[in-house]
Amino acid sequence: MAEGERLAGGRTDMCGALRAADAGREVVLTGWVARRRDHGGVVFFDLRDREGVVQVVAHPGEAGAYGAAQGLRGEFVVRVTGPCRVRPEGTANANLPTGEVEVAARRIEVISESLTPPFPVEDRVEADENLRLKYRYLDLRRPEMTRVLRDRHRIFAIIRRYFDERGFVDVETPMLTKSTPEGARDFLVPSRLQRGKVYALPQSPQQFKQLLMVAGLDRYYQIVRCFRDEDLRADRHWEFTQLDLEMSFASEEDVFEALEGMFVRVWTEFLGLEVPTPFARLTYDEVMRRYGSDKPDVRYGMELADLTETFRGSGFRAFARAVEGGGVVKGFAAPGAASWSRKELDGLVQEATSRGAAGLVWIGFAGTEVHSPVARFLADEELAAIRAATGAGDGDLALLVADREDRTNVALDGLRRLMAARLGLVPEGTWAFLWVTEFPMFEWSDDEGKWVSTHHPFTSPATEDLAPETSRARAYDLVLNGFELGSGSVRIHRPELQSSVFDLLGIARPDAEEKFGHLLEAFRYGVPPHAGFAFGLDRVVMLLTGRDNIRDVIAFPKTASGIEPLTGAPSVPSQEQLDLLGIRLR
RNA sequence: GGUCCCGUGGAGCAGCCUGGCCGUGCUCGCCACCCUGUCAAGGUGGAGGUCGCGGGUUCGAAUCCCGUCGGGACCGCCA
């Protein structure tokens, strides 16, 4: 038997699982040395495995174990043999789940040694993220990171059980698939056998799941990796894991019911919390009006007020001009912020302009006093209207933006989130699920100079008359605490309607044939009406585990610039690889 | 493509605004020794840094300026 095998075997318990009930048993433990406390005469160390830590004590009476314990260093992998016993009176550690017991080492074998780690393998020290990613295996050894990965697994398991019980069939779809013109940038994979052609990694299995409906699978789900080559963010990653589902002979209501049931199950089993159903629903128009965002955080107030009419023809020219130019004036009141310093207020202006707004007007109300750089331009009735519309009371700060509607909303949404966080208005432990419905069918793309799908081109319109400016889609988003979890829609299942939508999107018939012909053709062979949804599981895990960064819930993530510090990916390809693919770099 | 923040022994920070007394300080780790009930053990001593890199200003730069690299947050982008 090889030495490694001999040493690896024989474990009787997990370190973190030992309890008072195990006292008196002879145990064999394996794990990593977390901390060593050498008292000269007696040596303690904490032995860590994925379940937690337990204290090992080495007494001089056990000469072999004692000697070995003195030579141990952090992150050594060891096997410890000895009795588990209740700790002496007064030495229990209430801070540890295993704190009532310890293992009196009779034998300590070093299985492998460790260099001094580049950062402490402990929860309380958060090392530089680049360093953590380079030594991700050490970072993941930290208990809180191990816990995140195991929580992620538990959440996925609950979801799989749920959909299995509900008759959904898990079907895998291709990773090497076809690039489509709509949507995000594709990751491309050059083909060796089909030289000069490329596959695309899926942005979502959208068309395949619709084809599975045509195939008669009826209810499909998949936990699937998807790829989008767009800039990364704290809550966005190139490769992410999506819960994808599709249901035949189903409408919005069936999808809502299935998903609400799933979230109730996850929240109940993972958090032990009741989530009331049905979830709140607001239309797209309403959330944009009240929150300036299609993913509003509805856990707190500070709703936006529309003051456009107040400032039409106003003596305050900056606002009047914005209204004349077709823009809007909107704002909200931040409670208790009237006393903020000039520096803090200037910071808010900076926040607004960095989000593209022309500017930000702040007005502090303190008794009869009005503090604002533009106070002298504002008529009394305008100030009164601002107070009435925003609900700004004594000590509150009104924040107003006048600009094109989209920029105004973006700026105010950002400020609203910022103020809520700074003013401590975000309630902890509250879960505000919200369906946002009746999205516009199309939106104008300045870049492309044409109408594009708000959701995706397979989304069914609410009515058959397709007017790009006014058509609504049978599309819906699910929002949780201001994060977009995912979106879905009732799909078009009639080829003629699908063709009309392609026409409106400016996708020429031959293009549509080339890009989506397979789907249109499939729809000629008996297609059931169907609807579906997809949401980002990384984001759900992030929220459920209380992390504020998506990289923390992904085992081996990339940095914001797309580098994976552990392996160093991406790398320069060899000439041989390029030749095989028929690619020349420039 | 844009805006902002960060880069100082192995880790986390302070020092920078207002240049010199600064390779100076704090916490941890590391090494050696002491210590028989600690648990972020304690004590004594020690090692360890071209202040990300390049250029400039200056008598003098961790500190000011320009550039660059790396990391992060955000805007754009993300059907």
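Below, chain A is the first sequence line, B the second, and so on; all start at residue 1.
Under the side-chain contact (heavy atoms from CB on, under 4.5 Å) criterion, A:S179 pairs with A:D186, A:L188, A:A200, not counting sequence neighbours. Scored by the side chain to side chain donor-acceptor pair (under 3.5 Å) test, A:Q207 finds A:H518 as partners (sequence neighbours excluded). Looking at residues two or more places apart in sequence or on another chain, you find a side-chain contact (heavy atoms from CB on, under 4.5 Å) between A:V214 and A:A522, A:F523, A:V527. A search for side-chain contact (heavy atoms from CB on, under 4.5 Å) contacts involving A:E230 returns A:A184, A:R185, not counting sequence neighbours. Evaluation of the ring-ring contact (aromatic ring centres under 6.0 Å, His included) rule for A:H456 yields A:F458 as partners, not counting sequence neighbours. For A:R142, the salt bridge (charged side-chain N to carboxylate O under 4.0 Å, His left out) partners at least two apart in sequence or on another chain are A:E126, A:D139, A:E144. Shown here are the salt bridge (charged side-chain N to carboxylate O under 4.0 Å, His left out) partners of A:D285, two or more places apart in sequence or in another chain: A:R472.
The residue A:R48 sits apart from the nucleic acid: no heavy atom pair falls under 4.0 Å. Across all strands shown, A:N93 has heavy atoms under 4.0 Å from base atoms, whether or not it also approaches the sugar-phosphate. Residue A:R551 is in sugar-phosphate contact alone, with no base atom involved, counting any heavy-atom pair closer than 4.0 Å across all strands shown.
For the salt bridge (Lys or Arg N to Asp or Glu O under 4.0 Å) condition, the pairs that include at least one residue of residues 39-52 of chain A, sequence neighbours left out, are A:R37-A:D46, A:R48-A:E75, A:E51-A:R150. Residue pairs satisfying the ring-ring contact (aromatic ring centres under 6.0 Å, His included) criterion with at least one member in residues 114-141 of chain A, sequence neighbours excluded, are absent.
A donor-acceptor contact shorter than 3.5 Å links the side chain of A:T146 to the backbone of A:L140.
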Under 3.5 Å between N/O atoms: give me all the protein pairs with nucleotides 10-16 of chain B, atom names plus distance.
| unit_1 | atom_1 | unit_2 | atom_2 | d |
| --- | --- | --- | --- | --- |
| B:rG10 | O2' | A:P118 | O | 2.9 |
| B:rG12 | OP1 | A:D128 | N | 2.7 |

Polar atoms only, N or O, under 3.5 Å: list the protein pairs with nucleotides 31-34 of chain B and their distances.
| unit_1 | atom_1 | unit_2 | atom_2 | d |
| --- | --- | --- | --- | --- |
| B:rC31 | OP1 | A:R73 | NE | 2.9 |
| B:rA32 | OP2 | A:R73 | NH2 | 3.4 |

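The aromatic ring of A:H39 sits over the base of B:rA41, with ring centres less than 5.5 Å apart and planes tilted by under 30°.
Scanning residues 470-478 of chain A for heavy-atom distances under 4.0 Å to RNA chain B yields an empty list.
Atom CG in A:N95 sits roughly 13 Å away from atom C1' in B:rU38 (whole-Å rounding).
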